[in-house]
Undergrad: 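Below you'll find the structure I mean.
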Amino acid sequence: MVKVEAIIRPQVLEAVQEALDVLNISGMTVLDVRGMGKQKGVTHTYRGSTYTLSLSAKTKIELVVHDEELEEVISAIQKAAQTGEIGDGKIFVTPVLQAIRIRTGERGDTSLH
Amino acid sequence: MVKVEAIIRPQVLEAVQEALDVLNISGMTVLDVRGMGKQKGVTHTYRGSTYTLSLSAKTKIELVVHDEELEEVISAIQKAAQTGEIGDGKIFVTPVLQAIRIRTGERGDTSLH
Amino acid sequence: MVKVEAIIRPQVLEAVQEALDVLNISGMTVLDVRGMGKQKGVTHTYRGSTYTLSLSAKTKIELVVHDEELEEVISAIQKAAQTGEIGDGKIFVTPVLQAIRIRTGERGDTSLH
Amino acid sequence: MMRRTRLISSLSLLCLSAFSLAQDKAATPAAPAIDKADQVWVIVAAALVLLMTPGLALFYGGMVRRKNVLSTMLHSFIMLGVVSILWVVAGYSIAFGKSTTGWFGGFEYLFGNGISMKDAYPYTEPLGTVSAGAFMLFQMMFAVITPALISGAIAERMKFSGYVLFTSLWSLVVYAPIACWVWNPGGWLFKKGALDFAGGTVVHLASGVSALVICIVLGKRKSVVNNEPILPNNLTTTLLGAGLLWFGWIGFNAGSALGMGDLAVNAFAVTHLAAAAGMIGWLVCEKIRHGKATALGAASGLVAGLVGITPASGFVGLPESMLIGVLAGVICCLAVNLKNKLGYDDSLDVVGVHGVGGMLGAILTGVLASGKINPAVDTALKDNGGRGGLILTQLIAVVTVAAFAMVGTFVILQITKLITGIRATPEEEQLGLDLAHHGEAGYNL
Amino acid sequence: MMRRTRLISSLSLLCLSAFSLAQDKAATPAAPAIDKADQVWVIVAAALVLLMTPGLALFYGGMVRRKNVLSTMLHSFIMLGVVSILWVVAGYSIAFGKSTTGWFGGFEYLFGNGISMKDAYPYTEPLGTVSAGAFMLFQMMFAVITPALISGAIAERMKFSGYVLFTSLWSLVVYAPIACWVWNPGGWLFKKGALDFAGGTVVHLASGVSALVICIVLGKRKSVVNNEPILPNNLTTTLLGAGLLWFGWIGFNAGSALGMGDLAVNAFAVTHLAAAAGMIGWLVCEKIRHGKATALGAASGLVAGLVGITPASGFVGLPESMLIGVLAGVICCLAVNLKNKLGYDDSLDVVGVHGVGGMLGAILTGVLASGKINPAVDTALKDNGGRGGLILTQLIAVVTVAAFAMVGTFVILQITKLITGIRATPEEEQLGLDLAHHGEAGYNL
Amino acid sequence: MMRRTRLISSLSLLCLSAFSLAQDKAATPAAPAIDKADQVWVIVAAALVLLMTPGLALFYGGMVRRKNVLSTMLHSFIMLGVVSILWVVAGYSIAFGKSTTGWFGGFEYLFGNGISMKDAYPYTEPLGTVSAGAFMLFQMMFAVITPALISGAIAERMKFSGYVLFTSLWSLVVYAPIACWVWNPGGWLFKKGALDFAGGTVVHLASGVSALVICIVLGKRKSVVNNEPILPNNLTTTLLGAGLLWFGWIGFNAGSALGMGDLAVNAFAVTHLAAAAGMIGWLVCEKIRHGKATALGAASGLVAGLVGITPASGFVGLPESMLIGVLAGVICCLAVNLKNKLGYDDSLDVVGVHGVGGMLGAILTGVLASGKINPAVDTALKDNGGRGGLILTQLIAVVTVAAFAMVGTFVILQITKLITGIRATPEEEQLGLDLAHHGEAGYNL
Ligand SMILES: Nc1ncnc2c1ncn2[C@@H]1O[C@H](COP(=O)(O)OP(=O)(O)O)[C@@H](O)[C@H]1O
Ligand SMILES: Nc1ncnc2c1ncn2[C@@H]1O[C@H](COP(=O)(O)OP(=O)(O)O)[C@@H](O)[C@H]1O
Ligand SMILES: Nc1ncnc2c1ncn2[C@@H]1O[C@H](COP(=O)(O)OP(=O)(O)O)[C@@H](O)[C@H]1O
């Protein structure tokens with residue numbers, strides 16, 4: 001089992017969800033985050049003072065998948081989330097030692113979907 | 001050291017906190033997230049149009065614990081967070097390479113609690 | 001590649017950003033979280049009832065860096081985020097298996113910055 | 001509101017004397033024509049009271065949890081729809097039709113029939129100086145807000161259809177008769193000489209005690225049972241609501257003079273001072289008891305002061321109003337903690353503020369009302385055989401109104417339970433009534 | 001608003017008769033002096049209508065997505081700045097200067113010249129009882145809110161500079177002439193005997209059909225094209241806005257009596273009941289069609305009821321007002337779904353509510369207007385040769401106003417496109433107009 | 001406000017002439033009775049000004065950071081409590097009791113004693129046409145909002161108890177005397193012929209310069225020192241507040257005519273136009289300087305326009321009002337950046353808007369006041385020996401009011417520092433004053 005964490009643009013979330021649906025992957029956790037990177041920030045004005053907030057609104061999705069699903073998940077996310085403009089985001093893959101379904105107490109691979 | 005990430009229902013947070021308190025585990029970080037899974041979404045109406053948002057409000061807790069605490073933490077969370085209905089959530093365990101307490105600069109196991 | 005997760009006080013975020021800038025590290029994701037730890041909570045009053053919320057507002061930053069950058073990143077964050085008072089937060093380091101830049105599809109080390 | 005009309009009209013007559021002198025033949029004291037300035041004031045006052053219901057929606061809406069904010073605001077807004085119509089269809093006639101029994105009015109105004117836009121409401125003596133239409137509108141706004149006040153007690157757990165049915169019945173079966181008793185010139189409490197200038201009994205006491213019954217019948221919120229912390233979603237909304245209530249309450253009380261003269265100006269002044277004193281009273285009380293003066297305390301205290309002064313606003317002067325305000329502020333601040341002791345779940349403290357405050361105001365009106373402010377008090381004192389008698393009459397008013405409202409509420413609730421049900425399911429409560437009942441979230445930020 | 005003035009003034013004369021009797025030599029019926037009470041009412045009404053534009057800002061602002069909330073609110077607020085000035089500079093003169101052609105007024109009032117604060121607006125017969133200044137102010141508030149109504153149709157995608165230029169031109173070239181046709185004593189529709197008490201055609205129909213044109217010309221929002229869910233950022237704001245609109249609308253309709261008499265009181269009553277009935281109509285309609293009564297439905301329904309009653313508010317009684325309200329509520333509830341069928345992107349349903357509701361109201365006014373409420377209806381019936389003729393005249397008013405507004409809007413849009421452009425760039429739309437155009441976020445919570 | 005009364009009363013006399021003619025013996029010109037219509041207007045205006053304080057709470061509340069929103073709103077709300085009471089207890093007497101010295105009033109009205117609800121305020125000649133009670137209430141609302149204006153300068157860092165003590169003292173020791181100087185018929189500036197129709201010096205200049213002193217004495221916010229970005233938590237709240245301020249300001253300025261006649265109508269018109277022009281002026285200024293027209297700019301600009309016109313609103317006509325408005329908008333837009341240059345931390349720009357705008361308005365009143373609008377100007381010109389003399393007198397008024405307010409503020413602050421302290425601790429500031437001082441969070445969303 002691995003965890004896929006993707007930082008994407010908020011507006012592509014729906015498309016990513018659909019792409020994952022096609023793979024029959026439905027378990028996922030979504031977070032509202034702010035990202036800093038190559039993308040330039042947004043300027044806020046306040047009575048003549050301006051602040052450039054370097055952080056842009058991003059959405060982070062986290063999904064734990066079976067090792068064999070990893071590649072198709074990565075490519076599904078990458079395609080659905082890509083606009084080609086700076087700021088499209090990243091996908092990170094991290095190891096998972098254990099997964100437990102709270103409702104049933106099941107552990108391991110079967111607890112995922 | 002391992003990191004326990006649990007996605008739970010917002011309303012069981014208090015109960016989980018209490019269960020962890022019993023284990024004398026007090027360090028924890030909490031996030032408001034939205035989850036997608038088997039649980040069906042909520043329908044929003046807007047002037048006759050309806051949108052079913054597949055994401056339900058969830059709470060994510062993250063806590064880094066010593067390896068030997070892991071099992072009791074898992075079982076405490078699982079018991080406190082369980083309602084038996086679809087949507088109870090998951091617990092994931094991931095490896096941690098290092099931990100530093102910012103205040104003191106301590107590293108490793110002693111930096112946790 | 002490793003992921004550095006730091007839980008810091010919201011008010012030191014700017015300082016941490018600046019410290020990382022000096023290291024030429026610009027990619028980072030920021031989350032609003034609530035933390036529980038040694039720091040005591042805040043008391044809310046509601047028509048004579050009081051609730052002590054054990055959770056304080058914290059900011060979490062996540063950044064994936066090359067292994068060789070790790071130490072300087074840790075020390076930059078630790079210095080910038082330290083106030084010396086209880087509640088300064090933690091830095092956790094976790095392994096990363098893979099990184100992909102969504103815009104280009106690049107993988108691995110070059111996808112980071 | 002009729003009681004004071006007697007007075008107002010005679011004052012108006014005095015005021016008009018400059019002109020009357022010239023109109024030598026206007027001698028028949030019968031019908032002082034409609035006075036345009038009086039009517040402007042009553043119409044503006046009606047508009048101000050209209051705004052109180054959205055104000056109440058905000059006041060209550062800010063205090064519940066995020067997931068119930070729309071449901072709570074709708075409880076007030078829907079009254080503007082439902083009760084306005086019911087009032088014209090039947091409520092006004094029940095309250096202000098010719099009353100022979102003293103317990104309810106007549107049926108001559110059903111469906112808005114025969115409410116003149118030109119001539120005064122016919123049953124006061126002497127006649128008032130605003131048209132029956134203006135009087136009906138002004139009274140309508142009171143009928144609208146009163147059941148909305150109750151909604152604070154059942155917030156976060158009542159079924160929407162049950163709420164609408166309950167309040168509809170309550171408006172016709174509880175509110176309209178009580179309004180008849182106290183304000184209809186043929187009403188039994190009116191005739192008895194009970195004093196209630198702007199609704200201490202009719203509006204606040206009636207809604208407060210009904211709130212007590214309904215929150216006991218409904219039972220506690222799940223989250224109260226589970227001792228979960230319940231924090232207001234948006235206190236800026238509550239403060240705004242309190243501000244609009246204060247603004248509208250000027251119309252509520254000073255408009256109850258049904259014309260523009262010294263009574264109206266005095267009512268404005270005492271209303272304002274009582275609100276101010278109520279705010280201070282509550283803040284000092286909570287500062288002493290809990291260590292902090294809160295924004296919600298300021299908002300609650302000003303409302304408590306306004307509730308307290310309502311029945312007295314046409315009968316007392318400036319110093320008394322500050323006393324009433326500060327007492328209302330302190331006592332209501334203490335009273336909202338009763339629910340924890342007694343174990344009912346009055347979500348937004350309708351009992352503690354409107355029930356207790358309304359009762360307090362009604363009694364203090366008996367104690368402090370002065371003929372110097374309003375000659376009607378002299379009449380009332382004479383009719384009741386002195387101060388003791390007046391206070392007794394006020395107590396009788398309090399007890400009968402409270403008893404009737406409580407029994408009425410209980411019976412209507414049983415009927416509602418049979419027809420629509422009254423309580424949201426635990427799942428709906430958990431999800432929040434906004435999404436469960438209305439398919440909407442208050443905020444998508 | 002002139003048509004009714006005839007009546008009002010004669011009523012005022014009647015009311016004043018008590019005094020007039022005494023003033024034996026006030027025989028020349030020419031100029032009833034300014035009546036202070038009437039003027040107080042009109043001035044207060046003007047202030048109430050002023051508040052409607054912030055109310056509209058909230059009503060609309062709550063419905064868009066978070067990233068466009070300030071942009072949407074500014075669409076209304078900026079009209080308070082720009083149109084107020086334009087109205088004094090030229091709009092009032094175009095609308096209410098002496099009209100010989102019947103299509104537009106004169107130029108005598110350019111730059112606010114010659115608008116008396118002491119004497120009545122000179123072209124009505126008999127003269128009104130409020131000063132020309134008060135009349136101009138009251139009318140100004142109508143001129144301000146009408147283009148702001150349109151802004152709901154173009155929310156979340158129009159360029160700010162283009163919006164300001166468009167509405168400025170529209171105010172002078174579309175609104176002012178239509179106001180002349182319908183309300184200027186020399187206007188061709190006024191002379192023809194068309195009835196529009198407070199702006200069913202001038203305000204709601206004109207803005208509604210202009211909204212249709214502008215949202216077709218602008219094209220759909222990217223997110224509508226992409227079928228992304230669009231959820232309102234803050235419905236508590238929308239409810240507050242609806243409450244303020246209701247409050248202000250009392251001034252809008254009852255103030256259109258231009259004085260305080262039975263017409264004003266009646267207008268208040270029918271306005272209020274129509275709003276109440278509209279709310280209920282919409283809620284029942286959506287409950288049946290979609291299974292849930294919503295908070296947005298309550299807010300939308302009350303506005304629909306208010307739109308529907310606007311042209312009729314000086315001509316119908318209580319029962320008719322409830323009928324108009326409920327019809328407006330139900331029909332507008334159905335009409336807002338037209339856009340999905342017909343494929344235009346009317347962001348906040350200006351067409352469905354103001355276009356459809358305004359048209360409905362104008363026609364129902366022809367059908368239901370009664371001489372019992374307002375003798376001016378008898379005149380209108382006589383002038384038009386009976387009920388059928390009156391309805392025909394109302395239809396003619398609807399068609400010509402709609403046609404003129406649509407053509408005018410289309411032409412002005414082409415000019416605006418050339419000068420400033422009209423559409424935000426896709427990037428701006430994506431980022432949100434608040435940050436893109438104004439450098440601000442609505443909320444930093 | 002007295003100065004204009006002279007005029008108003010004579011106008012009223014004229015207006016009443018139709019009736020007076022009939023009342024042959026009403027010859028003694030002494031006391032025109034209370035005029036009901038005038039009193040309705042003043043009472044409504046008082047209610048409108050009452051609403052301005054909640055409006056200000058919203059205006060300011062939206063601009064601070066989330067963690068201080070309640071604290072900031074309370075700064076305004078608490079004034080409705082504390083100053084209302086203080087005004088009746090002593091402030092009114094100090095300001096409007098019989099003044100022999102010209103520097104302060106008398107003690108005859110302490111504890112609300114002797115303020116008649118029936119007869120006019122006794123010291124104007126001729127007497128006004130509204131009761132002393134109505135006059136006292138109208139003035140009370142001014143006394144309430146003035147210290148609340150100052151609170152914008154100290155937002156996010158002042159100790160709550162210190163704030164309450166400071167404003168209480170300020171209200172009695174600074175505000176009430178200045179009101180005496182300018183508006184009491186025995187006040188020295190009043191007698192000198194200084195013109196201030198609705199409070200350019202008394203309200204805006206006095207609060208603006210006091211704000212400067214207090215924010216210098218308090219020192220900067222920690223986050224300003226640290227150069228952290230400070231973004232407004234909710235600009236929709238600020239816009240709503242600005243809308244309510246505009247609405248209420250109609251009462252503030254047009255109500256200052258203390259009756260309903262051409263002066264009141266004119267004041268409404270010029271107030272509205274100045275607000276509109278102020279909005280446009282500010283937006284154009286910031287568009288040129290910073291490239292974007294902002295929502296906060298629109299809100300700030302309309303307030304600046306309103307501040308600018310306040311002293312002039314009874315003395316200038318339509319074109320002058322647009323000029324004043326646009327100048328106020330542009331100059332205040334530039335002035336708010338002074339603080340960055342001069343290094344004081346005026347959190348919400350009270351100095352830049354109220355101080356600078358109030359000064360500008362007072363001077364422009366001297367330059368533009370016209371006898372055509374208000375005969376009182378002719379008297380003032382004569383008394384001062386022409387235009388130059390009048391301008392000089394205005395300057396004297398500005399300088400003395402500013403000097404007195406600054407010194408008074410400084411001294412009161414020292415006293416407050418000793419008794420309660422004035423500054424929140426760094427920890428409280430960090431946590432946010434809402435939780436630190438009041439134990440509440442504005443939003444739990
Ligand atoms: N090293 C990193 N660690 C964590 N998050 C990152 C990192 N680099 C980028 N991000 C996230 O990805 C987002 C997009 O990155 P950016 O550099 O702006 O564009 P791109 O990925 O297209 O080159 C950022 O806003 C941030 O949230
Ligand atoms: N594979 C996964 N990766 C990450 N989060 C998941 C995954 N599966 C489920 N979740 C999270 O757990 C929550 C509950 O899952 P769900 O399938 O609805 O119920 P249950 O866990 O009871 O079977 C989801 O809302 C989501 O936040
Ligand atoms: N074991 C842990 N796992 C996850 N987060 C933790 C843990 N311990 C502390 N934290 C986070 O770090 C924050 C600061 O910790 P705290 O114990 O209050 O102070 P300090 O780190 O200075 O000792 C907490 O609010 C919480 O968000």
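Values in this document were obtained by computation on a predicted structure and should not be read as measured data. Numbers restart at 1 for each chain; the letters A, B, ... are given by sequence-line order, proteins then strands.
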Undergrad: Heavy-atom pairs under 4.5 Å with chain D: which of Ala37(F), Gly133(F), Ala47(F), Gly439(F) has the most?
TA: Ala47(F)
Undergrad: Considering only heavy atoms, which portion of Leu86(F) lies under 4.5 Å from any heavy atom of chain D: side chain, backbone, both, or neither?
TA: neither
Undergrad: Are the side chains of Lys292(D) and His437(F) in touch, meaning some heavy atoms are under 4.5 Å apart?
TA: no
Undergrad: Given that the side chain runs from C-beta out, which part of Leu273(D) has a heavy atom under 4.5 Å from chain F: side chain, backbone, both or neither?
TA: both
Undergrad: So which of Leu58(F), Val69(F), Val88(F), Asn234(F) has the largest heavy-atom pair count under 4.5 angstrom toward chain D?
TA: Val88(F)
Undergrad: Side chain, backbone, both or neither: which part of Glu440(F) has a heavy atom under 4.5 Å from chain D?
TA: side chain
Undergrad: Using heavy-atom distances under 4.5 Å, tell me whether Ala295(D) contacts chain F through its side chain, its backbone, both, or neither.
TA: both
Undergrad: Quick check: closest heavy atoms across Ala298(D) and Leu74(F), and the distance to 0.1 Å?
TA: CB-CD2, 3.6 Å
Undergrad: Do the side chains of Leu240(D) and Leu240(F) get nearer than 4.5 Å, heavy atoms only?
TA: yes
Undergrad: Could you measure the distance from the OG1 atom of Thr236(D) to the CG atom of Asn233(F)? Nearest 0.5 Å is fine.
TA: 7.5 Å
Undergrad: Quick check for you: among Ile250(D), Val265(D), Leu302(D), which has the greatest number of heavy-atom pairs under 4.5 Å with chain F?
TA: Val265(D)
Undergrad: Which bit of Leu80(F) comes within less than 4.5 Å of chain D, counting heavy atoms only: side chain, backbone, both or neither?
TA: both
Undergrad: Please classify the contact between Ile43(F) and chain D as side chain, backbone, both or neither, with a heavy-atom cut-off of under 4.5 Å.
TA: both
Undergrad: Go through Ala293(D), Gly278(D), Gly317(D), Gly442(D) and name the one with the most non-hydrogen pairs under 4.5 angstrom from chain F.
TA: Ala293(D)
Undergrad: Which region of Ser131(F), side chain (C-beta onward) or backbone (N, CA, C, O), has a non-hydrogen atom less than 4.5 Å from a non-hydrogen atom of chain D, or is it both or neither?
TA: side chain
Undergrad: In Å and rounded to the nearest 0.5 Å, what is the CG to NZ distance from Asp38(D) to Lys36(F)?
TA: 3.0 Å
Undergrad: By a 4.5 Å heavy-atom criterion (distance strictly below it), what part of Val82(F) contacts chain D: side chain, backbone, both, or neither?
TA: both
Undergrad: Between Val40(D), Val44(D), Leu239(D), Asn266(D), who has the most heavy-atom pairs with chain F when the cutoff is under 4.5 Å?
TA: Leu239(D)
Undergrad: Please find the pair of heavy atoms, one from Gly243(D) and one from Leu51(F), that lie closest to each other, and give the distance.
TA: O-CD1, 4.4 Å
Undergrad: Could you pull out the closest heavy-atom pair between Phe268(D) and Met141(F), with the gap in Å?
TA: CE2-CE, 3.8 Å
Undergrad: For Arg66(D) and Asn444(F), work out which heavy atoms get closest and say how close.
TA: CB-O, 4.4 Å
Undergrad: If I measure from the heavy atoms of chain F, does Leu445(D) come under 4.5 Å with its side chain, its backbone, both, or neither?
TA: side chain
Undergrad: Calculate, to the nearest 0.5 Å, the distance between atoms CZ and CG belonging to Phe160(F) and Leu283(D) respectively.
TA: 6.5 Å
Undergrad: Measuring heavy-atom distances to chain D, does Ala46(F) have an atom under 4.5 Å in its side chain, in its backbone, in both, or in neither?
TA: both
Undergrad: Please flag which part of Leu48(F) lies under 4.5 Å from any non-hydrogen atom of chain D: side chain, backbone, both or neither.
TA: both
Undergrad: I'd like to verify something: which residue of Met322(D), Met279(D), His272(D) has the highest number of heavy-atom pairs under 4.5 Å with chain F?
TA: His272(D)
Undergrad: For Trp246(D) and Leu50(F), work out which heavy atoms get closest and say how close.
TA: CD1-CD2, 3.7 Å
Undergrad: With a 4.5 angstrom heavy-atom cut-off, could you sort out which part of Ile280(D) is near chain F: side chain, backbone, both or neither?
TA: side chain
Undergrad: Would you sort out whether His438(F) and Leu235(D) count as a side chain to side chain contact (heavy atoms under 4.5 Å, CB included), showing the intermediate values?
TA: CA-CA 12 Å; His438(F) 308 293; Leu235(D) 285 177; over 6 Å; no
Undergrad: Side chain, backbone, both or neither: which part of Ala436(F) has a non-hydrogen atom closer than 4.5 Å to chain D?
TA: backbone
